[in-house]
*Asks:* 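Have a look at this one before I ask anything.
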Amino acid sequence: MPESDFIAAPFLNLIERGTFSWSAPSNIALVKYWGKKAHQIPANPSISFTLNNCKTITSVVFEKKSTDEDFSFELLFEGKPKEDFKPKIEKFLERIATYCLYLKQYHFTIDTRNTFPHSSGIASSASGMAALSMNIMSLEKVLNPKMTDDYFYQKASFLARLGSGSACRSIKGKAVVWGNHAEINGSSDLFGVEFPGQIHPNFENYQDTILLVDKGEKQVSSTVGHNLMNGHPYAENRFHQAHSNLSKLKMVLENGDLQSFIEIVESEALTLHAMMMASMPYFILMKPNTLEIINRIWNFRKQSNIPVCFTLDAGANVHVLYPQKNKVEILQFIQDELVGYCENGQYICDEIGRGASLINNE
Ligand code: DP6
């Protein structure tokens, strides 16, 4: 679908008021998005598992106003005004303005909260932008009742991408691909698509336990991080590698080969960090405890033969990925060997989910 198809024609009948509420989950990338071009176009395709428990719940009240020059909104976090979140939302609204002209005709009150602790090192931009985009699409759906479900979800993902790239993978489906890939039907740089293949039962309810190694603010913002790939000496090879890893992972998700899954996922995580270490300026986002945990996971896997592996985001926290059938042993292993490396012994148990869900529609 070309970009122009996402421009909503002016609506003649605007409703006076609408209230919606959506939850949208976080996601964990298996093949990483790292590097982007103008207008939030990814430098390489990526794929993620959608999470289930780490989510943002956002309610929006839209009230029609008489003027339509500027955006007008209030932002509440857990029911209280939150001024420092406003510039990010303002920028998002400016980016999506061409596609949602009707927004300037409404004053809206956005009330948002996360199910995970605010200072946990877990980014809320993916779930937050996804939840807000779903609410906007709910309004657009009321203004344009003939809209198909496919268009509804696709445009929601398109809008979310303009807020934060990885947010487009938090809309719909257990595994989501974002970015053009020759072997993935329907894949696009403009929005995320549900992984089109059959996912092998080995990945049913796959677990992700997030070990909170460092709960502080991100050391490198995602914008700065992605920009590090411009002029990076290894950029072109990295982008090719992501295409090739996605081809391999596509087969693995279908055939259930957990050994290959581990190899691809861990290599992707370490490559992401290698890119940061090899950029100018350079960063080390892992902490000593991140490395301790990785080594403990490797030893445990060797001794137990349980297919547990790790992945990382652009930070020190470790996502421990494993099949549901090994949950008891892995949680025991985490208790016995890994909690000591987590800040205040904290970790979050999550698993594969299905995407955003509607909570309220008035
Ligand atoms: C390392 O989606 O946060 O988590 O588009 O600038 O908002 P922006 O970046 P963002 O980048 C996420 C990078 C990553 C890898 C991934 O999720 O694919």
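Index from 1, following the sequence. Note that the coordinates shown come from a computational prediction; the quantities given were computed from them, not determined experimentally. As the structure lists them, so they are numbered: ligands from 1, and atoms in each ligand from 1.
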*Asks:* Do Arg95 and Phe92 meet the cation-pi criteria used here (NZ or CZ under 6.0 Å from the six-membered ring centre, within 45° of the axis)?
*Replies:* no

*Asks:* Quick one: which of Asn27, Thr56, Thr58 gives a side-chain hydrogen bond (donor to acceptor under 3.5 Å, both in side chains) with Ser127?
*Replies:* Thr56

*Asks:* Tell me whether Lys86 forms a cation-pi arrangement with Phe73, defined as NZ or CZ under 6.0 Å from the six-membered ring centre and within 45 degrees of its axis.
*Replies:*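 So Lys86 does make the cation-pi contact.
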
*Asks:* Would you mind listing each N/O atom of ligand 1 next to any protein N/O under 3.5 Å, plus the distance?
*Replies:*
residue	atom	partner	partner atom	Å
ligand 1	2 (O)	Ser164	OG	3.3
ligand 1	2 (O)	Ser166	N	2.8
ligand 1	2 (O)	Ser166	OG	2.7
ligand 1	4 (O)	Asp313	OD1	3.4
ligand 1	5 (O)	Tyr33	OH	2.6
ligand 1	5 (O)	Lys36	NZ	3.4
ligand 1	5 (O)	Gln40	NE2	3.3
ligand 1	5 (O)	Gly165	N	2.7
ligand 1	6 (O)	Lys36	NZ	2.7
ligand 1	6 (O)	Ser222	OG	3.1
ligand 1	7 (O)	Ser164	OG	2.7
ligand 1	9 (O)	Ser222	OG	3.4
ligand 1	9 (O)	His226	NE2	3.0
ligand 1	11 (O)	His226	NE2	3.0
ligand 1	17 (O)	Arg169	NH2	2.8
ligand 1	18 (O)	Tyr33	N	2.9
ligand 1	18 (O)	Arg169	NH1	3.0
ligand 1	18 (O)	Arg169	NH2	3.2

*Asks:* Would you say the side chains of Thr271 and Arg238 form a donor-acceptor pair under 3.5 Å?
*Replies:*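 Checked: Thr271/Arg238 side chains show no N/O donor-acceptor pair below 3.5 Å.
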
*Asks:* Under 3.5 Å, is there a donor-acceptor pair linking the side chains of Lys55 and Ser170?
*Replies:*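 Result is no, nothing qualifies.
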
*Asks:* Could you tell me if Gln198 and Glu254 have a donor-acceptor pair between their side chains, going purely by distance under 3.5 Å?
*Replies:*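 Looking only at side-chain atoms, Gln198 and Glu254 do not form any donor-acceptor pair under 3.5 Å.
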
